[in-house]
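These notes are about the structure you will find just below.
Numbering of ligands and ligand atoms starts at 1, following listing order. Because the structure is predicted, anything quoted here is derived from the model rather than measured.
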Amino acid sequence: MTSLAMEGSKYHFIIFLIFKVKFCVGIMVQVVNQKTFDGISPIDLMEATYKAAENFQIRAFFEAKDEILKIGKYSEQEFYEILDAMINAETERKLVLDKMQGLEPLFLGEIAEKIKEFPADNVIRDVIYLKEQGYVEEQVEVKTKMVTKKIKGEEKEVEVKEYFYRYQAKELPDDFSETYFEPVSIVFEAGACCNCGWCSAICPVNALTVSADELKLDEDSCMKCGLCFTVCPRSFSIDRANEAIKKLDKNLNWSDKIGAYINTYSGSTKKDEIIKVRQDGGVVTSIAEYLLKNKLVDAIIAVQHSKDLWKPEPVIVDDVKDLYKTAGTKYANSPSLSIMDQAKKYDKIAFVGVPCMMKALEKGTLYPSGLPFFKNIKYKIGLFCMESFPYEGIIRLAKEQFDKDINELTKMNIGGGKFIINLKSGEQMDVPLKDVQQYARDSCHFCEDLTSDYADFSVGSIGSQDGWSSVITRTPEADELYNDIVKEGLIESKSLKEVKPGQFLVEKIGGIKRNKCKPVELKKPNEEAGD
Ligand SMILES: Cc1cc2nc3c(=O)[nH]c(=O)nc-3n(C[C@H](O)[C@H](O)[C@H](O)COP(=O)(O)OP(=O)(O)OC[C@H]3O[C@@H](n4cnc5c(N)ncnc54)[C@H](O)[C@@H]3O)c2cc1C
Ligand code: SF4
Ligand code: SF4
Ligand code: SF4
């Protein structure tokens, strides 16, 4: 772009902001995600909005307007909704940062209590983002305590570390410059990408292509808006923000191992057609069927076998008759979020996926603000997941561990510490789970979530008997819906606390996964290892 053209677009951008500030000041503004700037003085708001306008990423997005509209993923209205969300979020962050000046290091919840001008959830997510931008420092305090644990039947005193995170605005040097977010190719290059496909669905100029095992960035198309990094579940963590936000909601139960929840159940479908095709309790397919039949959603994004058996492909199902083809677990990764933009024609959709995908959706809701990309996602049905495999890994696993061709398999399952296969011959075989872990995807080692903490419903086999699924409802609406399905007689249900091994085991394995998780270390382009 020539400097004259740059000046021109800067001019247009400033005009846009002036309109926006006038709008904010003149009328009581109700912005995209219902948050208001009420209570902020017009001068402070104007100053914060102008500071927000300096943000490199917002400018990059605004300046690429023509290109974005030409690509056609987002309409002009959607373009402005995303821009609005970016500017509102950045403006709010500037105001939050201002109010953090002079405060001592505090826990996220304490900061939210001090800054009353915005909803507590917003303040908490803003502090985490400000940390990533380089404005806020995280201080970690480690305390040790002794607890009694039963190890191999014997009670033992063991030392347990506890971590406490406090945040404080940094004193910025004169030459400070804000950290801007790189495209997510750095996440892939660090080996941390879980290939969920979210970044490619979001990218306004289709510069990213994600398959089950690859991520490709078209450098020429990328306009460095940083949106992909913002929404990626592996770029920076939202776990501490989530914990602080969820703990504010007194309706929710909190577990360090399985996250926030309303209730836990063990469920099994009562429908014979679903029993024939289900993985465990057939709960996922039952919920999906109920949603479609009662027109609570127009379509479900799920996974079915591709032309290669056991190689999953994401599908959009808008007819109940196609739903049963999706039942059953395929242990290879499916980049299901990558097809999200193809479901835009539906007003309301449900999404079925593994925990990393649930986190991706949550991140796209927190940042920039209110999920401006795809507003039609109504329900998130998350699966439990310890690890997934590359498709080639599944083929090798069948061959090397069982001496079988993958096409002979009718089912794969993980249960009781074993990897189990069923064959067309009717035979069942198993090997210890530890023997198949060598075939799992390396990127799953960066995953701390077993139970889809960010879903509305979480469903898995751990904790329940064969033919049953463990179910965690995480919102009052999901809990009500699950109980409606039970009342309709579609699912038989018990409390997960009353079955064996029950919630205890889910929490135990959830805790093991959290402790095993490796931290993600990202390198900026041209940065040497150890920099
Ligand atoms: C990769 C993977 C690993 C898992 N690991 C564990 C585990 O360690 N412990 C545990 O308790 N549970 C695990 N699960 C969940 C478990 O296998 C069942 O999916 C769950 O218990 C629901 O059973 P159901 O009978 O209710 O599901 P069903 O009614 O049979 O429906 C299954 C649903 O899963 C979806 N699905 C299938 N494969 C995939 C995939 N690759 N990606 C996204 N969605 C998919 C289908 O679209 C369908 O909607 C895993 C699931 C997956 C996909
Ligand atoms: S959004 Fe998903 S696919 Fe994209 S880089 Fe992040 S983890 Fe990988
Ligand atoms: S790849 Fe990322 S940074 Fe580049 S245009 Fe797409 S979303 Fe923006
Ligand atoms: S272990 Fe984590 S990263 Fe791997 S597929 Fe499961 S949820 Fe995704």
Side-chain angles (χ1 to χ4, degrees), residues 57 60-61 64 67-68 181-188 192-208 210 212 215 217-219 221-235 267-269 274 277-289 300-305 312 314-315 317 323-338 352-357 359-360 363-364 381-389 412-415 433 443-444 446 450-452 458-464 467-471 506 509 513:
Q57 270 133 348
F61 183 79
E67 239 171 301
I68 293 171
F181 295 164
E182 298 287 341
V184 282
S185 41
I186 63 165
V187 175
F188 185 74
C193 167
C194 58
N195 294 80
C196 65
W198 189 218
C199 52
S200 71
I202 294 283
C203 177
V205 289
N206 288 338
L208 289 159
V210 178
L215 179 146
L217 169 71
D218 177 353
E219 302 252 10
S221 311
C222 171
M223 39 86 182
K224 301 259 193 283
C225 68
L227 278 173
C228 53
F229 191 90
T230 306
V231 300
C232 167
R234 291 292 164 77
S235 56
S268 182
T269 183
I274 301 182
V277 291
R278 70 185 178 180
Q279 182 69 17
D280 297 308
V283 170
V284 173
T285 306
S286 302
I287 296 174
E289 185 175 66
I300 311 265
I301 297 187
V303 165
Q304 67 182 26
H305 292 277
V315 279
V317 177
L323 196 60
Y324 297 169
K325 286 183 226 154
T326 66
T329 299
K330 297 97 196 157
Y331 282 98
N333 178 51
S334 156
S336 296
L337 286 169
S338 63
V352 182
V354 282
C356 51
M357 297 175 187
K359 183 181 271 188
K363 219 167 166 197
I381 308 174
L383 307 169
F384 292 9
C385 180
M386 201 65 186
E387 66 247 307
S388 74
F389 301 83
M412 296 180 211
N413 201 5
I414 293 176
L433 191 53
S443 63
C444 292
F446 297 99
L450 171 75
T451 57
S452 280
S458 301
V459 189
S461 61
I462 297 175
S464 287
W468 290 73
S469 294
S470 300
V471 184
V506 183
I509 313 259
K513 187 165 180 192

State, with a plain yes or no, whether a side-chain heavy atom of [X] is found less than 4.5 Å away from one of [Y].
X    : Y    : answer
S221 : E67  : no
M223 : P204 : yes
L208 : V184 : yes
L450 : M386 : yes

Are the side chain of [X] and the backbone N or O of [Y] linked by a donor-acceptor pair below 3.5 Å?
X    : Y    : answer
Q57  : F181 : yes
K224 : C222 : no
S443 : C193 : yes

| request: Could you walk me through whether C385 and S452 pass the side-chain contact (heavy atoms from CB on, under 4.5 Å) test, one step at a time? | output: CA-CA 8 Å; C385 180; S452 280; over 6 Å; no
| field | Identified side-chain contact (heavy atoms from CB on, under 4.5 Å) counterpart of Q279 within the set N413, V459, L383 | value | N413
| request: Number the atoms of ligand 3 from 1 as they appear, then name those within less than 4.0 Å of a heavy atom of V205, with their elements. | output: 5 (S)
| field | Proximal protein residues to ligand 2, non-hydrogen atoms under 4.0 angstrom | value | V184, C193, C194, N195, C196, G197, C199, V210, L215, C232, P233
Between the protein and ligand 1, are there any N or O atom pairs that come within less than 3.5 Å of each other, and if so, what are their names and distances?
{"unit_1": "ligand 1", "atom_1": "8 (O)", "unit_2": "M386", "atom_2": "N", "d": "3.3"}
{"unit_1": "ligand 1", "atom_1": "11 (O)", "unit_2": "S461", "atom_2": "N", "d": "2.7"}
{"unit_1": "ligand 1", "atom_1": "11 (O)", "unit_2": "S461", "atom_2": "OG", "d": "2.9"}
{"unit_1": "ligand 1", "atom_1": "11 (O)", "unit_2": "I462", "atom_2": "N", "d": "2.8"}
{"unit_1": "ligand 1", "atom_1": "14 (N)", "unit_2": "F384", "atom_2": "O", "d": "2.8"}
{"unit_1": "ligand 1", "atom_1": "17 (O)", "unit_2": "T329", "atom_2": "OG1", "d": "2.7"}
{"unit_1": "ligand 1", "atom_1": "19 (O)", "unit_2": "T329", "atom_2": "OG1", "d": "3.0"}
{"unit_1": "ligand 1", "atom_1": "21 (O)", "unit_2": "D280", "atom_2": "OD2", "d": "2.6"}
{"unit_1": "ligand 1", "atom_1": "21 (O)", "unit_2": "S461", "atom_2": "N", "d": "3.4"}
{"unit_1": "ligand 1", "atom_1": "25 (O)", "unit_2": "Q279", "atom_2": "N", "d": "3.3"}
{"unit_1": "ligand 1", "atom_1": "25 (O)", "unit_2": "D280", "atom_2": "N", "d": "2.6"}
{"unit_1": "ligand 1", "atom_1": "25 (O)", "unit_2": "G281", "atom_2": "N", "d": "3.3"}
{"unit_1": "ligand 1", "atom_1": "25 (O)", "unit_2": "G282", "atom_2": "N", "d": "2.7"}
{"unit_1": "ligand 1", "atom_1": "26 (O)", "unit_2": "G282", "atom_2": "N", "d": "3.4"}
{"unit_1": "ligand 1", "atom_1": "26 (O)", "unit_2": "V283", "atom_2": "N", "d": "2.8"}
{"unit_1": "ligand 1", "atom_1": "26 (O)", "unit_2": "V284", "atom_2": "N", "d": "3.0"}
{"unit_1": "ligand 1", "atom_1": "26 (O)", "unit_2": "S469", "atom_2": "OG", "d": "3.3"}
{"unit_1": "ligand 1", "atom_1": "29 (O)", "unit_2": "T285", "atom_2": "N", "d": "3.1"}
{"unit_1": "ligand 1", "atom_1": "29 (O)", "unit_2": "T285", "atom_2": "OG1", "d": "2.5"}
{"unit_1": "ligand 1", "atom_1": "30 (O)", "unit_2": "Q279", "atom_2": "N", "d": "2.8"}
{"unit_1": "ligand 1", "atom_1": "30 (O)", "unit_2": "G328", "atom_2": "N", "d": "2.8"}
{"unit_1": "ligand 1", "atom_1": "31 (O)", "unit_2": "T285", "atom_2": "OG1", "d": "3.4"}
{"unit_1": "ligand 1", "atom_1": "38 (N)", "unit_2": "K330", "atom_2": "N", "d": "3.1"}
{"unit_1": "ligand 1", "atom_1": "41 (N)", "unit_2": "K330", "atom_2": "O", "d": "2.8"}
{"unit_1": "ligand 1", "atom_1": "41 (N)", "unit_2": "A332", "atom_2": "O", "d": "3.1"}
{"unit_1": "ligand 1", "atom_1": "47 (O)", "unit_2": "V303", "atom_2": "N", "d": "2.9"}
{"unit_1": "ligand 1", "atom_1": "47 (O)", "unit_2": "V303", "atom_2": "O", "d": "3.3"}
{"unit_1": "ligand 1", "atom_1": "47 (O)", "unit_2": "T326", "atom_2": "O", "d": "3.4"}

| request: Please report the closest heavy-atom contact between L215 and S185, naming both atoms and the distance. | output: CD2-CA, 4.0 Å
